[in-house]
Amino acid sequence: MEACGRSSELLAVCLWLGGWLCALASTILPHWLSMSTELLAIESYQLGLWETCVVQDIGGMECRSYDSLLGLAHDMKLGRVLMCASLATGMLGLLVTIPGMQMVNSCRDGDGGGGGGGGGQAKRTLVMLGGVLAVLSGILCLIPVSYVAHLAVLRFFDEALPDVVPRWEFGDALFCGWAAGFLLCAAGVLLLVTAALGSASRRRPRPQYRYEARGGELTAAKRSEYV
């Protein structure tokens with residue numbers, strides 16, 4: 001059970017790192033929304049949280065940062081705040097989880113058995129707290145990505161706009177953000193399940209003491225018979 005718990009924690013941390021890196025890439029990349037027009041087929045436009053870019057088919061790309069924060073659309077403002085909050089929460093949770101892992105010799109208390117018993121209540125508390133922060137980080141990442149995608153769908157199928165007006169479509173950063181959110185939530189759930197199962201296994205009675213007592217009684221009985 002201890003080896004399984006260590007493997008689960010290691011897998012959760014790997015998923016966590018992958019999700020956090022995907023969230024970082026989604027925050028930085030200017031590919032949240034993309035638009036191409038029939039009038040200029042050789043150019044396409046990319047919209048991100050921090051800048052907009054014009055991409056040409058010949059390989060050139062020119063980006064420009066937003067002039068004012070107050071002039072941003074509300075979905076971009078929301079995306080900036082929540083994605084930064086997701087990154088900060090994910091990093092904080094990772095720093096909390098690592099000392100609580102069973103393969104890390106730190107934060108061990110009396111019942112954890114400093115001799116490899118798998119950690120005690122303090123380590124399980126850190127792992128569970130890290131799992132909660134991972135799930136929260138994933139939710140904070142999924143909210144702005146899904147909201148921007150929702151608005152893009154509404155605007156794409158808006159019948160009030162003429163067909164000749166170009167529409168914004170999903171960019172690569174949205175898919176990267178969805179992957180990040182699901183990876184972070186999966187890592188958090190895995191940590192919570194691992195900590196809960198480890199706590200339940202430690203509360204079970206240990207039958208080996210009963211077997212030792214029986215063995216002692218049988219030995220004493222044999223000795224009395226021999227005498």
Asks: Linking I/L/V/M/F/W/Y whenever their side-chain heavy atoms sit closer than 4.5 Å, directly or via other members, would Ile98 and Met103 fall into one cluster?
Replies: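 Yes, same cluster.
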Asks: CG of Asp172 to CD of Gln46: how many Å apart, nearest 0.5 Å?
Replies: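 Going from the CG atom of Asp172 to the CD atom of Gln46 covers 7.5 Å.
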Asks: Pairs under 3.5 angstrom only: tabulate donor-acceptor contacts from the side chains of residues 127-141 to other protein residues two or more places apart or in another chain.
Replies:
from: Ser137; atom 1: OG; to: Ser86; atom 2: O; distance (Å): 2.7
from: Ser137; atom 1: OG; to: Ser86; atom 2: OG; distance (Å): 3.2

Asks: Identify the heavy atoms of Thr194 and Leu190 that sit nearest to each other, and give their distance.
Replies: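 Scanning both residues completely, I find the closest heavy atoms to be OG1-O, 2.7 Å.
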Asks: Under 3.5 Å, which donor-acceptor pairs link side chains of residues 75-83 to any protein atom two or more places apart or in another chain?
Replies:
from: Lys77; atom 1: NZ; to: Leu70; atom 2: O; distance (Å): 3.3
from: Arg80; atom 1: NE; to: Leu49; atom 2: O; distance (Å): 2.7
from: Arg80; atom 1: NH2; to: Leu49; atom 2: O; distance (Å): 3.0

Asks: Output all residues satisfying disulfide (SG to SG under 2.5 Å) with Cys53, sequence neighbours left out; order by chain, then residue number.
Replies: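 Disulfide (SG to SG under 2.5 Å) list for Cys53, sorted by chain: Cys63.
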Asks: Run Leu174 and Trp32 through side chain to side chain contact (heavy atoms under 4.5 Å, CB included) and show every step you take.
Replies: CA-CA 5 Å; Leu174 290 183; Trp32 280 58; 3.5 Å; yes
Asks: Could you tell me the separation between the OH atom of Tyr66 and the CH2 atom of Trp50, rounded to the nearest 0.5 Å?
Replies: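 Going from the OH atom of Tyr66 to the CH2 atom of Trp50 covers 10.5 Å.
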Asks: Tell me every residue that passes side chain to side chain contact (heavy atoms under 4.5 Å, CB included) with Ala179, counting only those two or more places apart in sequence or in another chain.
Replies: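 Scan of Ala179 (side chain to side chain contact (heavy atoms under 4.5 Å, CB included), adjacent residues dropped) gives none.
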Asks: Enter the distance from Ser34:OG to Phe170:CZ here, rounded to the nearest 0.5 Å.
Replies: 10.0 Å
Asks: Taking all heavy atoms of Arg167 and all of Met35, pick out the closest pair and write down the distance.
Replies: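 Scanning both residues completely, I find the closest heavy atoms to be O-CG, 3.4 Å.
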Asks: If hydrophobic clusters are built from ILVMFWY residues whose side chains come within less than 4.5 Å, do Phe156 and Trp168 share one?
Replies: yes
Asks: Less than 3.5 Å apart, which donor and acceptor atoms pair up between the side chains of residues 10-31 and the rest of the protein, not counting sequence neighbours?
Replies:
from: Trp16; atom 1: NE1; to: Gly90; atom 2: O; distance (Å): 3.2
from: Trp20; atom 1: NE1; to: Leu87; atom 2: O; distance (Å): 2.9
from: Ser26; atom 1: OG; to: Ala173; atom 2: O; distance (Å): 2.9
from: Thr27; atom 1: OG1; to: Ala23; atom 2: O; distance (Å): 2.8

Asks: Could you give the distance from OG1 (Thr97) to NZ (Lys123), rounded to the nearest 0.5 Å?
Replies: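 Reported to 0.5 Å precision, the distance equals 11.0 Å.
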Asks: Identify each donor-acceptor pair in which a side-chain atom of residues 144-151 lies under 3.5 Å from a protein atom, sequence neighbours left out, and give them as a table.
Replies:
from: Ser146; atom 1: OG; to: Leu142; atom 2: O; distance (Å): 2.8
from: Ser146; atom 1: OG; to: Trp178; atom 2: NE1; distance (Å): 3.2
from: Tyr147; atom 1: OH; to: His74; atom 2: NE2; distance (Å): 3.0

Asks: Taking all atoms of both residues into account, what is the closest heavy-atom pair of Gln102 and Glu9, and its distance?
Replies: N-OE1, 2.9 Å
